[in-house]
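Written below as structure tokens is the structure these notes are about.
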Amino acid sequence: MVLTGAGISAESGLATFRGPDGLWEWHRVEDVATPEAFVRNPALVHRYYDARRAQLNEVEPNAAHIAIARLDLEWPGEILLVTQNVDDLHERAGAKRLIHIHGENRKAWCLACDARVPWHGPMGQAASCPSCGTVGRLRPDIVWFGEMPYQMERIEDALQRCDLFVSIGTSGAVYPAAGYVQTARYCGARTVEINLEPSLGSAFFDESRIGPAGELVPTWVDELLTG
Ligand code: BJW
């Protein structure tokens with residue numbers, strides 16, 4: 001099982017959340033990434049996600065996304081790729097067996113009819129649902145703080161069965177993803193992290209490879225597939 005976070009998209013030009021120049025340096029989590037924020041100030045939340053959606057037109061998958069897609073294609077056994085990222089760089093690189101646990105910014109969720117639909121331009125408050133036609137009830141299909149991440153049961157099952165768990169480009173600050181390493185390890189998996197710095201859960205990894213994902217992930221995938 002491979003878990004990825006914002007660090008894997010950093011070399012494509014997308015900001016991470018924590019640390020210098022991270023998104024949380026410029027935006028308060030409580031203002032943009034909670035359901036309460038959306039009720040209080042939907043225009044602000046839409047502006048934030050509209051801007052990040054527009055930025056997706058300007059970036060491309062990097063060597064780490066491409067290596068993970070190659071692993072997905074060539075790995076002879078089962079594999080599950082779980083990303084916390086709401087960008088679409090894994091699928092644009094060709095990954096197939098992929099779950100977005102925190103949702104996708106190129107999708108809208110209609111609060112009137114519950115449909116989830118592809119969405120590429122700005123959303124704003126005046127957009128109408130392509131499925132039911134209701135105006136003003138769309139939100140970005142993003143899992144905010146306090147909301148339930150997607151496909152938790154499928155992931156729990158994979159964590160209990162996997163024999164290798166690899167975490168790439170995530171600080172280990174946000175649950176439930178931050179706890180996956182402990183479950184996988186407890187259930188017998190070998191655990192590897194690839195990150196620019198040791199993550200908060202670093203002690204739970206059997207091996208830490210410290211450096212940029214764009215360099216380290218292709219090497220690691222090569223080793224795994226040839227070795
Ligand atoms: C590189 C690199 C390079 C840089 N190469 N590396 C107290 C204890 C435990 C849990 C909680 C608690 N209080 C509240 C909670 C739960 C809460 C939580 O975890 N809070 C924490 C802050 C403590 N979690 C939730 O609410 C989740 N839901 C949940 O738990 O539901 C259960 C439930 C619900 C209801 C009732 C009952 C139970 C939902 C979490 C949703 C997170 N959403 C966000 C924003 C939305 C998406 C978006 O806008 O894009 O998701 S938060 C943000 O953090 C985003 C990310 O997916 C997520 C993780 O961040 P990530 O990816 O790790 O990024 P960074 O920036 O933190 O780290 C990047 C790393 O990359 C760094 O280490 C760099 O060094 C590295 N890096 N360049 C390699 N080139």
Side-chain angles (χ1 to χ4, degrees), residues 2-38 44-56 59 61-68 81-90 99-107 109 123 139-153 155-156 166-183 192-202 205 208-220:
V2 180
L3 171 71
T4 66
I8 197 168
S9 296
E11 288 159 79
S12 292
L14 297 179
T16 61
F17 293 91
R18 296 164 185 85
D21 293 332
L23 288 166
W24 297 157
E25 284 288 300
W26 310 101
H27 306 274
R28 280 164 32 103
V29 177
E30 303 80 9
D31 291 340
V32 293
T34 64
E36 294 79 14
F38 189 61
L44 174 69
V45 176
H46 274 305
R47 268 202 310 280
Y48 172 75
Y49 284 100
D50 282 353
R52 287 178 57 199
R53 194 175 307 111
Q55 206 189 358
L56 294 180
V59 298
N62 65 52
H65 298 106
I66 292 166
I68 294 295
L81 173 58
V82 175
T83 188
Q84 299 168 84
N85 299 344
V86 302
D87 67 53
D88 58 353
L89 295 178
H90 278 303
I99 295 176
H100 282 271
I101 48 168
H102 292 164
E104 295 171 64
N105 201 16
R106 278 187 157 167
K107 280 192 183 161
W109 174 19
M123 198 175 299
R139 60 169 268 187
D141 187 14
I142 304 283
V143 176
W144 288 320
F145 281 108
E147 296 185 320
M148 195 62 80
Y150 292 146
Q151 304 208 36
M152 300 265 275
E153 280 181 23
I155 292 166
E156 194 61 31
V166 185
S167 169
I168 304 170
T170 176
S171 60
V174 175
Y175 287 82
Y180 290 169
V181 59
Q182 291 178 63
T183 307
V192 179
E193 74 171 336
I194 301 177
N195 210 48
L196 207 51
E197 60 194 346
S199 66
L200 294 174
S202 198
F205 289 93
S208 290
R209 297 189 177 198
I210 302 302
E215 283 174 29
L216 298 189
V217 174
T219 307
W220 171 74

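The chain is numbered in sequence order, starting from 1. As the structure lists them, so they are numbered: ligands from 1, and atoms in each ligand from 1. The model shown is predicted, which means the values in this text are computed figures rather than measured ones.
Checking Glu11, His27, Arg209, Glu147 against atom 31 (O) of ligand 1, the nearest heavy atom belongs to Glu147. One option in Arg18, Arg52, Glu104, Met152 has a heavy atom closer to atom 48 (C) of ligand 1 than any other, and that option is Arg52. Of the candidates Phe145, Tyr48, Phe17, the one placing a heavy atom closest to atom 52 (S) of ligand 1 is Phe145. Residue Ser171 holds the heavy atom nearest to atom 65 (P) of ligand 1 of all those in Ser171, Ser167, Ser202, Pro198. Here atom 25 (C) of ligand 1 lies nearest to Tyr175 when heavy atoms of Trp144, Tyr175, Tyr49 are compared. Comparing Ile8, Ile142, Leu200 by heavy-atom distance to atom 46 (C) of ligand 1, the nearest is Ile142. The nearest non-hydrogen atom to atom 78 (N) of ligand 1, considering only Val143, Val217, Leu196, Leu216, comes from Leu196. Evaluated by nearest non-hydrogen atom to atom 40 (C) of ligand 1, the leading choice among Thr170, Val174, Asn105 is Val174. Residue Gly169 holds the heavy atom nearest to atom 69 (C) of ligand 1 of all those in Ala15, Ala213, Gly169.
Taking a cut-off of under 4.0 Å to the non-hydrogen atoms of Gly211, the atoms of ligand 1 that pass are 5 (N), 79 (C). Near Gly146, meaning under 4.0 Å from any of its heavy atoms, are these atoms of ligand 1: 25 (C), 26 (O), 34 (C), 35 (C). Near Ala173, the atoms of ligand 1 lying under 4.0 angstrom from a non-hydrogen atom of the residue are 21 (C), 22 (C), 23 (C).
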